[in-house]
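Order of appearance sets the numbers: ligands from 1, and atoms from 1 within every ligand. What you see is a predicted model; the values in this text were computed from it and never measured.
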Amino acid sequence: MSTGKFIVIEGMEGAGKSSAIAVIENTLNKQGIDYVNTREPGGTPLAESLRDMVKSVDHQEKLTVETELLLMYASRSQLLANKILPALAAGKWVIGDRHDLSSRAYQGGGRGFDEKIMNTIADITLKGFRPDITLYLDIDPHIGLSRAKARGDLDRIELEQMEFFIRVHNKYRELAAQDTSIVTVDAAQAMLQVHQDIEQAVIEFITKTDLD
Ligand code: TMP
């Protein structure tokens, strides 16, 4: 049995990740591909507890940026070992709502951790594991944040200042431009066009996978 593939969807607050995931699911369903969903931080019982810690605005003390960074990777370690790798080994595909690129953008770009530190922690946690394809939904943070605000209560990270999100956005774009496994989708387009672009990228990836 061949191993599954790991497809990741990435993007900032308000980029439309949830509906993009529905498009990916629909595309895989049409091709008869069996998949599981994950999200980060989170995706296993323990990792979901870490997600609550990261997102909560009710802490009695300030969460340090170092703790935030380590919680993201602690969550990723649990998810990789206990859900992603077993699913792939069983021949299932995995649709990931965020993965390592989020840490690179938010903790690397947003919080300012340098590449060397990010690489070291990623090496310890992921041991070279990488998504097969990442679909990055690119949205101007001003537009994305206003969409997220319209949706309701903001979590701890969503309450950051605009300068933080501009740094995150710049890092996302920088990393997407230098990695051929990342497909950038213009999420500011009409929703129908965004969904068509996603479907097309997934179909191209499936076709390429079939040929390998
Ligand atoms: P969301 O998945 O519901 O958008 O919430 C996750 C939040 O956590 C979002 O603000 C992005 C942030 N995040 C990081 O800062 N680093 C990470 O590595 C991940 C996975 C998420």
Side-chain angles (χ1 to χ4, degrees), residues 6-22 24 37-44 46-59 62-80 83-84 94-115 117-126 129-131 134-139 141-176 182 187:
F6 185 31
I7 303 184
V8 172
I9 189 92
E10 284 278 359
M12 299 188 61
E13 287 55 23
K17 281 190 294 118
S18 303
S19 58
I21 288 167
I24 299 173
N37 292 78
T38 64
R39 69 170 179 181
E40 296 190 32
T44 75
L46 189 56
E48 285 293 319
S49 305
L50 299 173
R51 178 186 178 89
D52 291 342
M53 281 186 206
V54 163
K55 294 191 82 137
S56 173
V57 290
D58 297 330
H59 295 299
K62 191 177 178 318
L63 197 79
T64 67
V65 291
E66 288 78 13
T67 298
E68 179 185 275
L69 171 71
L70 294 169
L71 286 175
M72 296 298 179
Y73 278 97
S75 165
R76 187 160 302 129
S77 176
Q78 291 304 121
L79 182 70
L80 183 65
K83 188 152 178 191
I84 298 177
V94 177
I95 304 174
D97 179 346
R98 298 189 181 280
H99 188 60
D100 194 46
L101 187 60
S102 282
S103 294
R104 303 290 180 151
Y106 285 82
Q107 281 66 52
R111 303 293 188 211
F113 284 104
D114 72 24
E115 206 184 333
I117 291 179
M118 299 302 300
N119 285 344
T120 303
I121 300 179
D123 284 349
I124 294 167
T125 313
L126 301 172
F129 175 82
R130 287 167 51 85
T134 298
L135 301 175
Y136 162 57
L137 300 179
D138 186 54
I139 192 80
H142 296 90
I143 301 174
L145 258 291
S146 65
R147 286 184 189 167
K149 278 187 189 140
R151 259 193 330 238
D153 283 350
L154 299 182
D155 67 31
R156 193 184 54 83
I157 293 175
E158 287 164 345
L159 287 167
E160 283 294 334
Q161 299 298 311
M162 186 49 72
E163 292 74 47
F164 171 82
F165 292 104
I166 291 171
R167 289 197 300 276
V168 174
H169 185 229
N170 288 341
K171 185 57 85 176
Y172 259 131
R173 293 177 73 123
E174 177 193 322
L175 295 172
I182 302 175

Q | Neighbour count >12 (heavy atoms, 6.0 Å) for atom CZ, Arg147 | A |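 Enclosed: over 12 neighbouring heavy atoms sit under 6.0 Å from CZ of Arg147.
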Q) What are the two closest non-hydrogen atoms of Leu154 and Ala148, and how far apart are they? A)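 Looks like CD2-O, 3.9 Å.
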Q. Any salt bridge between Glu13 and Lys149, counting N to O under 4.0 Å?
A.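 Looking at Lys149 together with Glu13, the answer is no, because their closest N to O distance does not fall below 4.0 Å.
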Q: Sort out the contact shell of ligand 1: every protein residue with a heavy-atom distance below 4.0 Å, listed by chain and number.
A: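 Contacting ligand 1 under 4.0 Å are Glu13, Lys17, Glu40, Pro41, Arg51, Lys55, Met72, Arg76, Arg98, Ser102, Ser103, Tyr106, Gln107, Ile157.
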Q.
Could you work out, with side chain to side chain contact (heavy atoms under 4.5 Å, CB included) as the rule, every residue matching Lys55, not counting sequence neighbours?
A.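 For Lys55 the side chain to side chain contact (heavy atoms under 4.5 Å, CB included) partners, ignoring immediate neighbours, are Arg51, Asp155.
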Q.
Side chains of Glu40 and Ser75 only: does a donor on one sit below 3.5 Å from an acceptor on the other?
A.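 Absent: no donor and acceptor within the cut-off.
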Q) Does Phe164 have Arg167 sitting over its ring (NZ/CZ under 6.0 Å from centre, angle to axis within 45°)? A)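 The answer is no; the distance or angle limit is not met.
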